[in-house]
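One-based numbering along the sequence shown. This structure is a prediction, so every number in the text was calculated from the model and none was measured.
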Amino acid sequence: MQSVYYNNLGVNRRTYDAALQCFQNRGKSFPVAGSLQATELVAEVLNDHPEIFYVGQEFKIMSSLMRRDILPCYLYSHAETVQLKSQLDLAAETIIGNSINDHQSDYDKVRSLHDYLKSNLEYDTAAASSRTPNERNIAQAHNIVGALLNNKCVCEGFAKAFKFLCDKIGLECWVVSGKGSSSIGAGPHAWNIVRINGYYHHVDVTWDNQFSDSSAMPNYGYMNLSDDEIAKDHTWNRKNYPVCSDSPYNYFRVNNALLDSKAQLESMLYNSIQMEEEIIMFRVVRGSILEREINGCLPDSVQRAANRCKHVALSTFRYGGVPEQLTFFIQAEYAYK
């Protein structure tokens, strides 16, 4: 399936096709139409095809009065590329075999792949700050080699690995190139859009990885968001990607854990404690009364909910989360009354 970016190119699609054919055949160059931004074109081709991991981040441009040609940089020899491709296919087969089955819904498959990458990959801070993008060790952090073979990458590696795995199991998925912003700063960022039962959702595995207390702790703050929800700290060229108008498969909506009042919170906590859930996760509705109350009421609400349970008691619990995302978790241990 072609990307929105590709469809928007119109007559310039032949330039995209020429770039793709060049990369696939390890060609020496391809021509670029004068009106196209070469950097964006190359990035979108590589985003749409994460299996082309052997092309570097930087390239040369040869210009004359009549034409412009792009000369790609290949990170590996042909023999190395063949070997790495075999290793990547095996890694993907193992991940999918351990995480995915035919009885899962598309939502479950997205969650399983999200959980694997969130818990098993380490963010590569050295590569993120490097100014030598085509140095092999740095380049690998930006592609599926770093993500799936080294288990260490930057956001681009997370996003390309997620798409690579989604492609393998037939889920429609795109890599989004944009910017992210936080209280610390702002900069280039990559994440995904995935289609679940006809609805497009944003998935940012990198930020769920980065905002987690530990690799073992689940985090779904950025899994399956709408355009409006993720736009609070992400920006992107919307014309290049599918519209995510709603988020029916947001983790907290699916699990009835999107809360706007203290009564809702304590009811959800009571039901979860009755079920002896070891990790209880929820999100507070932005702008709700609970948003103003949550920081002061959470420990007491947990205790009141536990006191209502006739047969189960909390022996210990701790709570945490990402307050700026209004997502929280309670990790509980139980005893019997």
Side-chain angles (χ1 to χ4, degrees), residues 99 107-108 110-123 182-183 201-226 229-230 232-233 247-337:
S99 305
Y107 166 83
D108 292 328
V110 168
R111 179 179 170 182
S112 293
L113 295 182
H114 167 282
D115 288 355
Y116 174 84
L117 295 174
K118 180 263 167 202
S119 298
N120 289 280
L121 272 55
E122 177 186 351
Y123 187 80
S182 69
S183 57
H201 297 74
H202 292 267
V203 178
D204 190 339
V205 185
T206 307
W207 278 27
D208 279 346
N209 170 278
Q210 290 288 281
F211 280 120
S212 290
D213 282 15
S214 72
S215 61
M217 180 62 64
N219 187 15
Y220 300 103
Y222 285 88
M223 194 187 87
N224 296 346
L225 303 183
S226 69
E229 288 166 337
I230 203 168
K232 292 176 174 61
D233 42 31
S247 55
Y249 292 98
N250 176 269
Y251 171 86
F252 299 100
R253 284 193 173 90
V254 170
N255 290 279
N256 296 316
L258 189 62
L259 313 176
D260 61 12
S261 69
K262 194 184 297 184
Q264 241 189 345
L265 170 63
E266 292 186 11
S267 175
M268 184 273 296
L269 290 172
Y270 169 76
N271 291 330
S272 299
I273 293 169
Q274 283 278 77
M275 296 293 292
E276 299 181 40
E277 294 179 9
E278 294 180 3
I279 299 174
I280 304 167
M281 305 191 71
F282 64 94
R283 167 172 265 162
V284 176
V285 174
R286 197 169 295 276
S288 66
I289 295 174
L290 186 58
E291 180 182 1
R292 299 194 296 270
E293 298 176 334
I294 189 64
N295 290 328
C297 79
L298 186 52
D300 289 341
S301 292
V302 173
Q303 201 59 63
R304 278 195 296 272
N307 290 342
R308 289 170 53 199
C309 297
K310 293 182 179 180
H311 305 293
V312 179
L314 286 176
S315 56
T316 61
F317 73 91
R318 73 180 186 94
Y319 63 92
V322 187
E324 55 264 42
Q325 298 174 22
L326 296 179
T327 59
F328 300 87
F329 71 82
I330 293 123
Q331 191 170 22
E333 295 184 7
Y334 296 96
Y336 294 99
K337 294 180 178 179

The reported gap from CZ in Arg283 to CG in Leu290 (rounded to nearest 0.5 angstrom) is 13.0 Å

Run the side chain to side chain contact (heavy atoms under 4.5 Å, CB included) check on Leu265 and Leu298 step by step: do they pass?
CA-CA 9 Å; Leu265 170 63; Leu298 186 52; 4.3 Å; yes

Please assess Lys118 against Met223 for the test side chain to side chain contact (heavy atoms under 4.5 Å, CB included), listing each intermediate value before the final yes or no.
CA-CA 11 Å; Lys118 180 263 167 202; Met223 194 187 87; over 6 Å; no

Is there side-chain contact between Asn209 and Leu117, with at least one heavy-atom pair below 4.5 Å?
no

Considering non-hydrogen atoms only, spot the tightest contact between Ala332 and Leu314 and give its length.
CB-CD2, 3.6 Å

Can you measure from CD (Gln274) to NE2 (His311) and round to the nearest 0.5 angstrom?
7.5 Å

Side-chain contact, heavy-atom cut-off 4.5 Å: Leu269 with Ser301?
yes

Is it the case that more than 12 heavy atoms not belonging to Ile279 sit under 6.0 Å from its CD1 atom?
yes

Between Gln264 and Asp260, is there a donor-acceptor pair closer than 3.5 Å when you use the side chain of the first and the backbone of the second?
yes

No-hydrogen, no-angle side-chain donor-acceptor test under 3.5 Å, Arg304 and Tyr270
no

Contact summary for Tyr222 and Asp208, nearest pair of heavy atoms:
N-OD1, 2.9 Å

d(Tyr220 OH, Arg111 CZ) to nearest 0.5 Å is 3.5 Å

Between the side chain of Ser119 and the main-chain N/O of Asp115, is any donor-acceptor distance below 3.5 Å?
yes

Between Asn256 and Phe252, is there a donor-acceptor pair closer than 3.5 Å when you use the side chain of the first and the backbone of the second?
no

What is the distance from atom CD of Gln331 to atom CE of Met281, rounded to the nearest 0.5 Å?
10.5 Å

For the CZ atom of Phe317 and the OH atom of Tyr334, what is their distance to the nearest 0.5 Å?
10.5 Å

Distance-only polar pair, side chains of Ser226 and Glu229, donor-acceptor under 3.5 Å:
yes

Show the nearest heavy-atom pair for residues Val285 and Leu258, with the distance to one decimal.
CG2-CG, 3.9 Å

Drop me the distance from Asn307's CG to Glu266's CD, to the nearest 0.5 angstrom.
10.5 Å

Any side-chain donor near an acceptor of the partner, His201 and Asn250, under 3.5 Å
no

Between Tyr251 and Asn219, is there a side-chain donor-acceptor contact under 3.5 Å, judged purely by atom types and distance?
no

Without hydrogens or angle criteria, can the side chains of Glu276 and Tyr336 be said to hold a donor-acceptor pair below 3.5 Å?
yes

Do you know the tightest heavy-atom contact between Leu259 and Met268?
CD1-CE, 3.6 Å

If every non-hydrogen atom of Pro299 is compared with every non-hydrogen atom of Tyr319, which pair is closest and at what distance?
CG-OH, 3.3 Å

Closest non-hydrogen atom pair between Gly321 and Pro323, with its separation
O-CD, 3.5 Å

If we only count heavy atoms from C-beta on, is the Phe329 to Ile280 side-chain gap below 4.5 Å?
no

Let's go through His202 and Asn224 carefully: what are the C-alpha distance in whole Å and the side-chain angles of both, what is the deciding distance for side chain to side chain donor-acceptor pair (under 3.5 Å) to 0.1 Å, and is it a yes or a no?
CA-CA 5 Å; His202 292 267; Asn224 296 346; over 6 Å; no

Would you mind reporting whether Phe282 and Ile294 have side-chain heavy atoms less than 4.5 Å apart?
yes

